[in-house]
Amino acid sequence: MSAATADPAITQWRQALVDRPAIVLGGVLVVLYVVTGLVAEGMFSANGIRSTLLLACPLAILAASQTLCMLTGGIDLSTVMTANFAAYVAANQSGQGPLVALGLAMLVGLAVGLVNGIGVGVFKVNPLIMTLGMASVLLGVVTVGLVGDGFLSGSTRLLPVVTDVASGTLFGPLPRNLLVWALVAAALIFGLSRTGLGRTIYAVGDNPVACRLAGVRIWQVLLAVYVMSALLAALAGLLFSGISGSVGPDQTNAYLLPSVAAAVIGGTSILGGVGGYTGTILGALILTVLNRLLLTLDTTEAFRQILYGLIVLALAWVYVRVTGQRGT
Amino acid sequence: MSSAPPAATATPLPQPSSRATRFRRRQGWVVGVALLFGALVFWRYSQIPAFGPFEIRGIVAGTLTLALLAMAQSVIVISGGIDLSVGAMMVLANCIAARLMLDQDLGPVILIALLVIAVAMVLSGLIGAAAVVSGVPDIVVTLAASFVLSGLALIVLDSPGGGTHPRFQELLVGGFDEPLPATLLLVAVLGLVWLPFKRSRLGIATYAVGSDRAAAFLSGVRVGRTRVIAYVMAGFFSGLAGVVTTAFTGSGEPRASIGATATLTSVAAVVLGGVALLGGSGTLLGPVLAAFCLALIPALMLGLGWDPNYAEVARGIIIIVVVMIGGLVQIPRRSR
């Protein structure tokens, strides 16, 4: 350690990594992909690349929610329930035409985001608790809606447009949902670095007191963040339903922890103010490839889970070590 | 600036607050939760014509696991962290216990119970050590750990099964209509494990680390060691929760979603119980009472003839509203 800090070349290296975490993560991704390719069949074919991108897309969009919230020092634990609810509503109302159905799904996201944002921003409820409570409320609403002649009962049919976008192929190895992902990524990367709201999001996460004293209306920033988070979650829910070809009240629940992990591995600090969406994209790709690698290993689900947890921990550990971005 | 004369008015010396004020400030929230609990129990009492030992046993024994998990979460939150693996730890302990206890005599079963708790303490200590040594935020470490623990639980028991000695159930959580054993266990854990720990140097160090890590370090508290010990304590509570689950259900259930739900409920109980998520304050009695309040909601809804599925909605709204009220109550206090 001491020798490393003394050597200016290595210090420079380290600084470069702190400034551009994407380089390390890109390296990890390439190595992981090659290793997976050596073990698994067809990873280097167009189809292999396509399936990786296809599966990483909804996870990355779900992780975008977490990235936004984590940048302000918060977290959104209600994203998966929002995703389930929105996807279910869209499939349930598909008889009314795609515009109405998709509009209703996004309305679900908007409503959840508004309530979360008002709770966190105006009433200053701890985001962990606010979104946890919201997840509980949504779970209850969906469960009640499904029983008997509740408002969600009745048949569900996926919208053709959802299936098309979520699982179709653009050309070659590129799935169609990459279009959605690219739009989201461009908007987030540009928005976070170049717009006033984007810079304020970082500032609020870094030092809320200084922000308040500087005249930032923090509640407006938080409201915007949680609304965007829930809308992204609704979008991710639609994509998930399109890939799996079905909807269910707990369909995406298993993706909550990976979405947080993708943002963390991508270098977004859970304490706020540090990170960005580029890292999260790489984080989501790394986790998707990792999942593929674990699936090819001829082992049980239990062992895969253990490895997954250990590798996520190791990645976070290495990341913190390399960049010197320690918790406290 | 220097021309200004020293202020002539004498600043009043800070007066030590009265006993009543201190009690209100420290225990006010817990008393509030206790009153809420009392009201809910009375409500439930008025719903059922024959409210007797059977009902009480059902409430106490059925909520024991959640109450213990709330304790585990509280210790970590008081030490300034958050543990998203307590539920998974409980599931793992449940699976180990159920697998080993199957077809054993009472003596070995009790030994196995102690062993399972020891294993949970060691594992939880390791998780804490990983968080301390790596410097990765607790929330991430324990999130990853919850995957590992759920995987281990599946290796121990790949499908629901296992068993325990029938006498063990009567001993730990009480038989059909005996509320006493479960109540005694709860009181014993609070009185014989938590209170001595809280009063000890370690307990005080835990509060100090949670309140202000840097200040605690500068006062000579070994921050890393204290945090690891908080995790070991949490391991004790969640291990015991697993053993209690084994005794209560008589089997092991490796489903990971049970652990995840239990973890989330434990966080909710901690917040409702008046333990600030910032760390360094609160006791364990509040979260325990809050766990009981949360567990009573579905039963009450059933009694009202509502769909018990609304209980989730009610639970979520109660959590949010209580925290909101807590925030409003605390804002003037802070600005004083």
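Keep in mind that this is a model prediction, so the values were computed, not measured. Note on naming: letters A, B, ... go to the chains in the order of the sequence lines (proteins, then strands), and numbering restarts at 1 for each one.
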Distance, nearest 0.5 Å, that separates CG of A:L313 from CD1 of B:I127 = 9.5 Å
B:V140 versus chain A, heavy atoms under 4.5 Å apart: side chain, backbone, both or neither?
-> side chain
Rounded to the nearest 0.5 Å, how far apart are CD1 of A:I75 and CD1 of B:I139?
-> 4.0 Å
Is B:V133 close to A:W317 at the side-chain level, that is, under 4.5 Å between some pair of heavy atoms?
-> yes
Please list, chain by chain and in numerical order, all residues satisfying salt bridge (charged side-chain N to carboxylate O under 4.0 Å, His left out) with A:R292, sequence neighbours excluded.
-> none
CG/B:L84 to CG/A:L77 distance, rounded to the nearest 0.5 angstrom?
-> 8.0 Å
Could you state the interatomic distance from OG1 (B:T263) to CG (A:L132), rounded to the nearest 0.5 Å?
-> 10.5 Å
What are the two closest heavy atoms between B:G151 and A:Q305, and how far apart are they?
-> N-OE1, 3.3 Å
Should A:L128 and B:I82 count as side-chain neighbours, where that means a heavy-atom distance under 4.5 Å?
-> yes
Residue pair A:M130, B:I320: steps toward the side-chain contact (heavy atoms from CB on, under 4.5 Å) verdict | CA-CA 6 Å; A:M130 184 67 214; B:I320 294 170; 3.6 Å; yes
Can you sort out the partners of A:I129 under side-chain contact (heavy atoms from CB on, under 4.5 Å), two or more places apart, ordered by chain and number?
-> A:V125, A:N126, B:V267, B:V271, B:L277, B:I319, B:V323
Applying a strict 4.5 Å limit to non-hydrogen atoms, the region of B:S146 in contact with chain A is side chain
When every non-hydrogen atom of B:L154 is compared with those of A:A302, the smallest separation belongs to CB-CB, 3.4 Å
Contact origin within A:I311 toward chain B - heavy atom pairs under 4.5 Å = neither
Relative to chain B, which of A:T143, A:L307, A:V144 shows the most heavy atom pairs under 4.5 Å?
-> A:V144
For A:T280, side-chain hydrogen bond (donor to acceptor under 3.5 Å, both in side chains) partners two or more places apart | A:T67
Can you name the closest pair of heavy atoms from A:V312 and B:A144 and give their distance?
-> CG1-CB, 4.3 Å
Residues of residues 250-263 of chain A near chain B, each having a heavy atom less than 4.5 Å away = A:L257, A:P258, A:V260
Is the count of non-hydrogen atoms from other residues, nucleotides or ligands lying under 6.0 Å from B:Y207 atom OH greater than 12?
-> yes
Could you walk me through whether B:D158 and A:T300 pass the side-chain contact (heavy atoms from CB on, under 4.5 Å) check?
-> CA-CA 10 Å; B:D158 56 3; A:T300 55; over 6 Å; no
